[in-house]
Undergrad: 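Take this structure first; my questions come after.
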Amino acid sequence: MSRPTPSGPSQRMLRVGEQVRHALSETLQRGEIIDPVIENSVVSVSEVRMSPDLKIATAFVSPLGAGDAGSVVEALNRHAKFIRGRVSGALRQMKYMPEFRFRLDTSFDNFARINELLKSPEVARDLGPDDQNKNNDKDEE
């Protein structure tokens, strides 16, 4: 079995994570989970990270249209065993069906915060007129 290197996950972990993400997205899209918190929101699965032994799948989700994203993640974690059973049909080739853990995906919030920082007057002042002209030239291409 391949081991993860210090540079990141193995190719197998990435491939299996993507397969699990697709199967999980299809299951959530079908609306098989009967929970009012999950039914009233659209859940986007942005990434699934597999443990090195492929027995734990951590799914990063972004609830859309939900008032409280934390409650959606809690509801998904409550129904993790049910979801595991529903996804098992799509992942028959795996020796062990992974245990699901759901986490809130904050990457979009981080991107927005970095974008706002880059647009702030302090950063624009530090760039100076020469740097801004270079950036504008790149935008026009």
Undergrad: Between Pro98 and Val16, is any pair of side-chain heavy atoms under 4.5 Å apart?
TA: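 No, every pair of side-chain atoms sits at 4.5 Å or beyond.
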
Undergrad: Could you give me the CA-CA distance, side-chain angles and deciding distance for Leu91 and Met94, then say whether side-chain contact (heavy atoms from CB on, under 4.5 Å) is met?
TA: CA-CA 6 Å; Leu91 301 172; Met94 294 185 67; 4.1 Å; yes

Undergrad: Given 3.5 Å as the limit, does a donor-acceptor pair link the side chain of Arg84 with the main chain of Met97, or not?
TA: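 Side chain of Arg84 to backbone of Met97: a pair is present.
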
Undergrad: Test side-chain contact (heavy atoms from CB on, under 4.5 Å) on Thr58 and Glu47 and set out the steps.
TA: CA-CA 8 Å; Thr58 303; Glu47 180 183 5; over 6 Å; no

Undergrad: Considering non-hydrogen atoms only, spot the tightest contact between Phe100 and Val20 and give its length.
TA: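 Minimum heavy-atom separation between Phe100 and Val20: CE2-CG1, 3.4 Å.
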
Undergrad: Should Leu76 and Leu28 be marked as a side-chain contact (heavy atoms from CB on, under 4.5 Å) after you check the CA-CA gap, both sets of side-chain angles, and the distance that decides it?
TA: CA-CA 10 Å; Leu76 286 169; Leu28 291 173; 3.8 Å; yes

Undergrad: Taking all non-hydrogen atoms of both residues into account, name the closest pair between Leu117 and Ser120 and its distance.
TA: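 Answer, listing the atom of Leu117 first, then Ser120: O-OG, 2.7 Å.
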
Undergrad: Distance check, rounded to the nearest 0.5 Å: Ser51 atom OG versus Arg101 atom CZ?
TA: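 These two atoms lie 8.0 Å from each other.
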
Undergrad: Applying the 4.5 Å side-chain criterion to the ILVMFWY set and letting contacts propagate, would Val72 and Leu104 be lumped into a single cluster?
TA: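 In one cluster with Val72: Leu104, yes.
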
Undergrad: About how many Å separate OG of Ser41 and CG of Asp68, when rounded to the nearest 0.5 Å?
TA: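 Going from CG on Asp68 over to OG on Ser41, the span is 10.5 Å.
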
Undergrad: Quick one, Gln19 and Gln93 - any side-chain contact, counting heavy atoms below 4.5 Å?
TA: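 Contact flag for Gln19/Gln93 side chains = yes.
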
Undergrad: I'd like to know if Met50 and Val61 are part of one continuous hydrophobic network [Ile/Leu/Val/Met/Phe/Trp/Tyr, side-chain heavy atoms within less than 4.5 Å].
TA: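 Yes: a chain of side-chain contacts under 4.5 Å links Val61 to Met50.
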
Undergrad: Counting only heavy atoms from other residues, nucleotides and ligands, does the tally under 6.0 Å from CD1 of Ile34 exceed 12?
TA: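 No - once you tally the heavy atoms of other residues, nucleotides and ligands closer than 6.0 Å, there are 12 at most.
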
Undergrad: Rounded to the nearest 0.5 Å, how far does CD of Glu32 lie from CD of Glu26?
TA: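 With rounding to 0.5 Å, CD (Glu26) is 10.5 Å from CD (Glu32).
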
Undergrad: When you look at CD of Gln29, are more than 12 heavy atoms from neighbouring residues, nucleotides or ligands closer to it than 6.0 Å?
TA: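 Incorrect, the count does not exceed 12.
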
Undergrad: Does a sphere of radius 6.0 Å around CZ in Arg92 hold more than 12 heavy atoms from other residues, nucleotides or ligands, not counting ones at 6.0 Å or beyond?
TA: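 Open.
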
Undergrad: Any chance you could measure Asn77, atom CG, to Glu74, atom CD, to the nearest 0.5 Å?
TA: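 These two atoms lie 8.0 Å from each other.
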
Undergrad: Check the pair Phe82 / Ile33 against side-chain contact (heavy atoms from CB on, under 4.5 Å), numbers first and verdict last.
TA: CA-CA 8 Å; Phe82 176 78; Ile33 305 166; 4.1 Å; yes

Undergrad: Looking at every heavy atom in both Pro9 and Met13, which two are closest together, and how far apart are they?
TA: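 Heavy-atom minimum between the residues: CB-CE, 3.7 Å.
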
Undergrad: Any heavy-atom pair between the side chains of Phe102 and Ile83 that's under 4.5 Å?
TA: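 A side-chain contact exists here, since the closest heavy-atom pair is under 4.5 Å.
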
Undergrad: Could you tell me which non-hydrogen atom of Asp53 sits nearest to which non-hydrogen atom of Ile56, and how far apart they are?
TA: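 Scanning both residues, the minimum pair turns out to be OD1-N, 4.4 Å.
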
Undergrad: Could you go through the salt bridge (Lys or Arg N to Asp or Glu O under 4.0 Å) check for Glu18 and Arg21 one step at a time?
TA: CA-CA 5 Å; Glu18 191 63 18; Arg21 186 183 73 81; 2.7 Å; yes

Undergrad: Do Leu64 and Val43 have side chains that approach each other closer than 4.5 Å (heavy atoms only, starting at C-beta)?
TA: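 Contact flag for Leu64/Val43 side chains = no.
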
Undergrad: Counting distance only, does the side-chain N/O of Ser62 pair as donor-acceptor with the main-chain N or O of Ser44 below 3.5 Å?
TA: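 No; judged by distance alone, with no hydrogens or angles, the pair does not exist.
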
